[in-house]
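Data block below; observations after.
All heavy atoms count here, side chains included; hydrogens, waters and symmetry mates do not.
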Amino acid sequence: MAISKVIFNGDTLMDVTGDSVAANNLLSGESATGANGQKVAGSIVNRGAANSTINACTTYAIQAGYWDAGTCTGQQLDGNAVASQVYYGKTFYNNTSAKVTG
Amino acid sequence: MTTHSALKTTAAVGSTVAIEAGYYPASTVLGPLLANMGNAVASQVYSGKTFYSSASTARQTGSMATNGTLTSTHSSATAGAASTYTVRPSAAGYFTTAITSELVATQSGTIAPAGGTGTVSVNIKPGYYNKIVVNRTNAYNAGTAAGAASATPTFTNMGTFGSTKASRPGNISATFSATNITGYKNLTSANFFVRVKKVSYSHGTFGAQGTTSMTPDISYTASSGLGTLSNLAQQVGSQSEQFDCALQVELWCAH
């Protein structure tokens with residue numbers, strides 16, 4: 001039987017009935033005692049750091065969970081074609097975020 | 001532990017979005033949004049040059065063929081004979097040569113020894129040139145008598161391509177025009193030229209024989225735009241004669 005509150009000789013020695021810890025606000029791998037005195041196992045996934053380069057027109061998913069500090073960097077375009085080297089009227093990007101027309 | 005609200009943002013080209021430590025609900029970070037990524041494909045980009053377009057989110061490499069420097073070799077039939085050459089591209093492709101002259105290049109001078117060769121290089125404006133064979137036309141002119149006006153050969157297509165012959169010995173003179181060629185630049189003298197090739201030529205036996213051959217290629221550039229080219233003149237006969245000639249008109253223009 002789980003015990004959430006202990007009173008001895010009129011004194012409250014332990015009381016977790018007011019605790020709000022729950023599995024979904026505790027990191028996975030950690031545990032605590034819930035308000036009902038039951039052990040609560042954490043379920044928040046530790047995702048680590050989000051250090052990623054994101055290609056153009058793609059999406060990087062931040063899944064629910066705990067993330068360490070990190071960065072997501074937009075892809076640096078590094079094309080070297082210039083307008084005069086591309087068919088007339090055709091559009092493209094080279095090394096900036098500005099579209100170029102051949 | 002810090003609880004963050006859902007993140008939905010975009011990382012522009014080369015820029016960084018910071019992810020702070022803490023809890024995130026399911027979120028997304030978008031890569032650079034290249035609106036309407038572009039419609040170029042590899043075959044439309046000069047070989048070896050890299051670019052991005054809708055064809056792929058990854059960097060692409062162009063594959064447009066290059067013809068490099070245009071050269072042409074001609075023979076001289078007579079030792080010491082002066083020759084003039086006109087050189088043209090003979091295949092579609094990207095020419096890399098720097099701009100140092102007009103599309104038409106001629107070389108006059110002495111090529112020796114007899115039967116030797118000389119090489120003429122022509123520098124054309126960089127760009128992709130595509131040969132369009134516009135039309136094959138035929139002209140027939142039934143001569144009557146020296147100096148007499150003759151029937152008018154008719155050239156068609158490419159707008160109008162007409163030929164008149166006012167006198168003998170005479171010239172075929174033709175004009176033609178074309179506008180709004182879909183997919184091509186506004187045509188100027190800088191990015192197109194016209195070449196008229198002799199496909200065949202024969203003359204009959206009516207009257208005295210005159211010139212028995214045509215210069216194989218008649219080349220022209222326009223002084224402005226692809227409006228009307230005039231003075232497409234080629235002597236095709238002297239005195240009275242009957243002849244047939246077939247010409248092929250090629251329009252070369254840059255995309």
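Screening A:Asn25, A:Val45, A:Ile44, A:Leu27 for a side chain to side chain contact (heavy atoms under 4.5 Å, CB included) involving B:Tyr23 leaves a single residue, A:Ile44. Screening B:Ile19, B:Thr16, B:Thr28 against A:Cys72 for a side chain to side chain contact (heavy atoms under 4.5 Å, CB included) leaves a single residue, B:Ile19.
Of the listed residues A:Thr96, A:Thr53, A:Thr71, the one with more heavy-atom pairs under 4.5 angstrom with chain B than any other is A:Thr71. Interface check for chain B: of the options A:Ala50, A:Ala49, A:Ala61, A:Cys57, the most heavy-atom pairs under 4.5 Å are formed by A:Cys57. Per-residue heavy-atom pair counts under 4.5 Å with chain A were compared for B:Ala58, B:Gly62, B:Ser27, B:Gly38, and the maximum is reached by B:Ser27.
Looking at A:Asn80, its side chain does come within 3.5 Å of a backbone N or O of B:Thr50 through a donor-acceptor pair. Although no hydrogens or angles enter the test, the distance criterion places a donor-acceptor pair under 3.5 Å between the side chain of A:Thr91 and the main chain of B:Asn39.
In the displayed structure, A:Gln76 atom CD is contacted under 6.0 Å by more than 12 heavy atoms of other residues, nucleotides or ligands. Other residues, nucleotides and ligands contribute at most 12 non-hydrogen atoms within 6.0 Å of the CD1 atom of A:Ile3.
In this structure, the portions of A:Leu77 lying under 4.5 Å from any heavy atom of chain B include both its backbone and its side chain. When heavy atoms are compared at a cutoff of 4.5 Å, B:Met37 approaches chain A by way of both its backbone and its side chain. At a 4.5 Å heavy-atom cutoff, the contact between A:Asp78 and chain B is made by backbone and side-chain atoms alike. The contact between A:Gln75 and chain B is made by backbone and side chain atoms together, counting heavy-atom distances below 4.5 Å.
The shortest distance between side-chain heavy atoms of B:Val29 and A:Ile62 falls below 4.5 Å. Taking 4.5 Å as the limit, some side-chain heavy atom of A:Tyr93 sits within range of a side-chain heavy atom of B:Leu34. Between B:Val45 and A:Phe92 the shortest side-chain heavy-atom distance does not fall below 4.5 Å.
Contacts between residues 2-13 of chain B and chain A, counted as heavy-atom pairs separated by less than 4.5 Å, involve B:Ala11, B:Ala12, B:Val13.
Rounding to the nearest 0.5 angstrom, the gap separating the CG atom in A:Asn55 from the OG atom in B:Ser56 is 9.0 Å.
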